[in-house]
Amino acid sequence: MRVTWITEDDAPAVVEYGMTSGQYPFSATGTTTSYSYLALYRSGNIHDAVVGPLKPSTTYYYRCSSDPSREFSFRTPPASLPFTFVVVGDLGQTGWTKSTLQHIAAADYDMLLLPGDLSYADFLQPRWDSYGRLVEPLASARPWMVTEGNHEIERIPLLEPRAFKAYNARWRVPYDAGDSPSGSNLYYSFDVAGGMVHVVMLGSYAGFEAGTAQHEWLRGDLARIDRGRTPFVVALVHAPWYNSNKAHQGEGDDMRDAMEALLRAARVDAVFAGHVHAYERFTRVYGGMEDQCGPVYVTIGDGGNREGLADEYIDPQPKTSVFREASFGHGRLQVVNATHALWTWHRNDDDQPVVADQVWITSLASNPDCNK
């Protein structure tokens, strides 16, 4: 597990941890960095350290920089199924965000997946700090696996020419770990549940055309998957490849054209996207048409951002679009066994999470028609 924390003052990049509250027999030393932005802002000291090896399904108590005043705890994910993901995009830091986070915390889960647009700092760097404080109660207790959205770019020609400066400094992902290192903090993959589920985190704002580093990496990553050992494969991307909302129409089409065939050939089971501030679920699709061997596509960019909801849809509703609604909320993917996963979307309704959409997803690895 990688632990990242920020201190205003100089402090050691050390995490002390153990399996009993108040007792920390183990420690890990990491690194410290910082960054400046527009010569007007300088971050605190950004520390990160990788702790482990750790036991699965185990609660660890830890403290950062030997600070005796704050003890945190996290639970490691299980090494087998069942496994529960929370999926939420375009989170931001509004009252709706707080409601979404409360709803997420109200029911147990193993890992959170976020397909881009985290803080909505939009060049105002102190918003990254307030976002960190907002999500800390959840992000300190479960692994948060994220990929970038357009609001993470924060590039200003001539003044701040390096894109993703704050995102890369604050949200270090395991792009250099495992059997398929990507070489970029903007896209990566990992396994959970003892290899039963493979998760691919794609970068909408890194090069994706054939011949680019991301495209070549994705081709190799998917080719390494043994579907006899890994029955479920899911992918995340920011800009949706299928979208019947009037907002952001066509913005994911070029990436879809470049990569969709790779995902279908690998029998990817589901693709989750953000960007559009609404919820929509498509049936299994490939090439714009229903295809029993294509992925289920879900847009879930409704975490609570300050730009509000995208409530205008194209009519008539496409046949491939099964359910769509402009409401804030979050989703849960419960991979129950090697053949079935339950997807549920929870709408934020009068400060209560209400199940508004639910569907069983059958692993394509278990479909004989998709394995000829």
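In this text the structure is predicted, and so the values were computed from the model without any measurement. The analysis underlying the following values was restricted to heavy atoms, covering all of them including side chains, and did not include hydrogens, waters or symmetry mates.
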Which atom of Leu118 lies closest to which atom of Tyr167, heavy atoms considered: CD1-CE1, 4.3 Å
Ser66-Glu16 side chain donor-acceptor pair, cut-off 3.5 Å: yes
Minimum heavy-atom distance Asn367-Asn371, with the two atoms named: O-ND2, 2.6 Å
Donor-acceptor pair between Asn243 and Tyr313 side chains, under 3.5 angstrom: no
Residues Arg142, Asp108: salt bridge by 4.0 Å N-O rule: yes
Check: Ser204 side chain, Val237 main-chain N or O, donor-acceptor pair, under 3.5 Å: no
Arg75 backbone acceptor or donor facing Thr59 side chain under 3.5 Å: no
Side-chain donor or acceptor of Ser65 paired with backbone N/O of Pro12 under 3.5 Å: yes
Sub-6.0 Å ring centroid separation between Phe85 and Phe83: yes
Pair Arg170 + Asp129: basic N to acidic O under 4.0 Å: yes
Closest contact, heavy atoms only, Arg267 versus Cys370: CD-O, 2.8 Å
Test item: Arg227 side-chain N/O and Ala266 main-chain N/O as donor-acceptor pair under 3.5 Å: yes
Under 3.5 Å side-chain donor-acceptor pair for Asn245 and Arg324: no
Exercise: do Ser244 and Glu280 side chains pair donor with acceptor under 3.5 Å: yes
More than 12 heavy atoms of other groups within 6.0 Å of Asp179 CG: no
Distance-only polar pair, side chains of Asn337 and Thr339, donor-acceptor under 3.5 Å: yes
Tyr188 and Asp176: side chain donor to acceptor below 3.5 Å: no
Heavy-atom pair with the smallest gap, counting every atom of Ser327 and Leu309: C-CD2, 3.7 Å
Shortest non-hydrogen contact from Phe164 toward Gly149: CE2-O, 4.0 Å
Arg63 side chain vs Asp67 backbone, donor-acceptor pair below 3.5 Å: no
Test log, rule side chain to side chain donor-acceptor pair (under 3.5 Å), inputs Ser321 and Gln317: CA-CA 7 Å; Ser321 174; Gln317 184 172 353; 3.1 Å; yes
Pro231 backbone acceptor or donor facing Ser363 side chain under 3.5 Å: yes
Between Asp302 and Trp96: side-chain donor-acceptor atoms closer than 3.5 Å: no
Asp90 vs Asn305, side chain to side chain donor-acceptor pair (under 3.5 Å): CA-CA, chis, key distance, verdict: CA-CA 6 Å; Asp90 299 68; Asn305 68 89; 5.2 Å; no
Within-4.5 Å side-chain heavy-atom neighbours: Tyr37 and Ile156: yes
Distance-only side-chain donor-acceptor flag, Gln125 / Tyr35, under 3.5 Å: yes
Distance-only polar pair, side chains of Thr94 and Thr97, donor-acceptor under 3.5 Å: yes
Close side-chain approach of Val88 to Thr100, heavy-atom, < 4.5 Å: yes
Glu160/Lys165 ion pair, N-O < 4.0 Å: yes
Donor-acceptor side-chain pairing of His238 and Asn150 below 3.5 angstrom: yes
Reference residue Phe272; test ring pair (Phe, Tyr, Trp, His ring centres under 6.0 Å); the match among Trp343, Phe282, Trp345: Trp343
Polar contact flag, side-chain donor to acceptor under 3.5 angstrom, Glu290-Thr320: no
Tyr286 six-ring face occupied by Arg264 cation (under 6.0 Å, within 45°): yes
Qualifying residue for side-chain hydrogen bond (donor to acceptor under 3.5 Å, both in side chains) with Trp128, from Glu154, Glu152, Gln93: Glu154
Joint hydrophobic cluster, Trp144 plus Val3, side-chain heavy atoms closer than 4.5 Å: no
Aromatic ring pairing Tyr131/Trp171, orientation class (parallel under 30°, perpendicular over 60°, tilted between): tilted
Check: Trp5 and Ile46 side chains under 4.5 Å, non-hydrogen atoms: no
Donor-acceptor side-chain pairing of Ser180 and Asp221 below 3.5 angstrom: yes
No-hydrogen, no-angle side-chain donor-acceptor test under 3.5 Å, His330 and His346: no
Side-chain donor-acceptor pair present, Tyr279, Arg347, cut-off under 3.5 Å: no
Backbone N/O of Gly22 and side chain of Glu71: donor-acceptor pair under 3.5 Å: yes
Polar side-chain atom of Gln214 near backbone of Gly207 as donor-acceptor pair, under 3.5 Å: yes
Test item: Arg284 side-chain N/O and Asp269 main-chain N/O as donor-acceptor pair under 3.5 Å: yes
Aromatic centroids of Tyr24 and Tyr17 separated by under 6.0 Å: no
Nearest heavy atoms of Ser34 and Arg42, plus distance in Å: OG-NH2, 2.9 Å
Common cluster, Leu91/Ile153, ILVMFWY with side-chain heavy-atom separation under 4.5 Å: yes
Basic-acidic side-chain contact under 4.0 Å: Glu325, Arg281: no
CD/Glu216: more than 12 non-hydrogen atoms of other groups inside 6.0 Å: yes
Distance-only side-chain donor-acceptor flag, Thr31 / His47, under 3.5 Å: no
Side chain Thr147, main chain Met201, donor-acceptor under 3.5 Å: no
cation_pi(Arg256, Tyr242) dist<6.0 Å, angle<=45: yes
Ring centre gap for Phe208 and His215 strictly below 6.0 Å: no
Derivation of the side-chain contact (heavy atoms from CB on, under 4.5 Å) call for Gln249 and Ile314: CA-CA 10 Å; Gln249 262 300 309; Ile314 295 171; 3.6 Å; yes
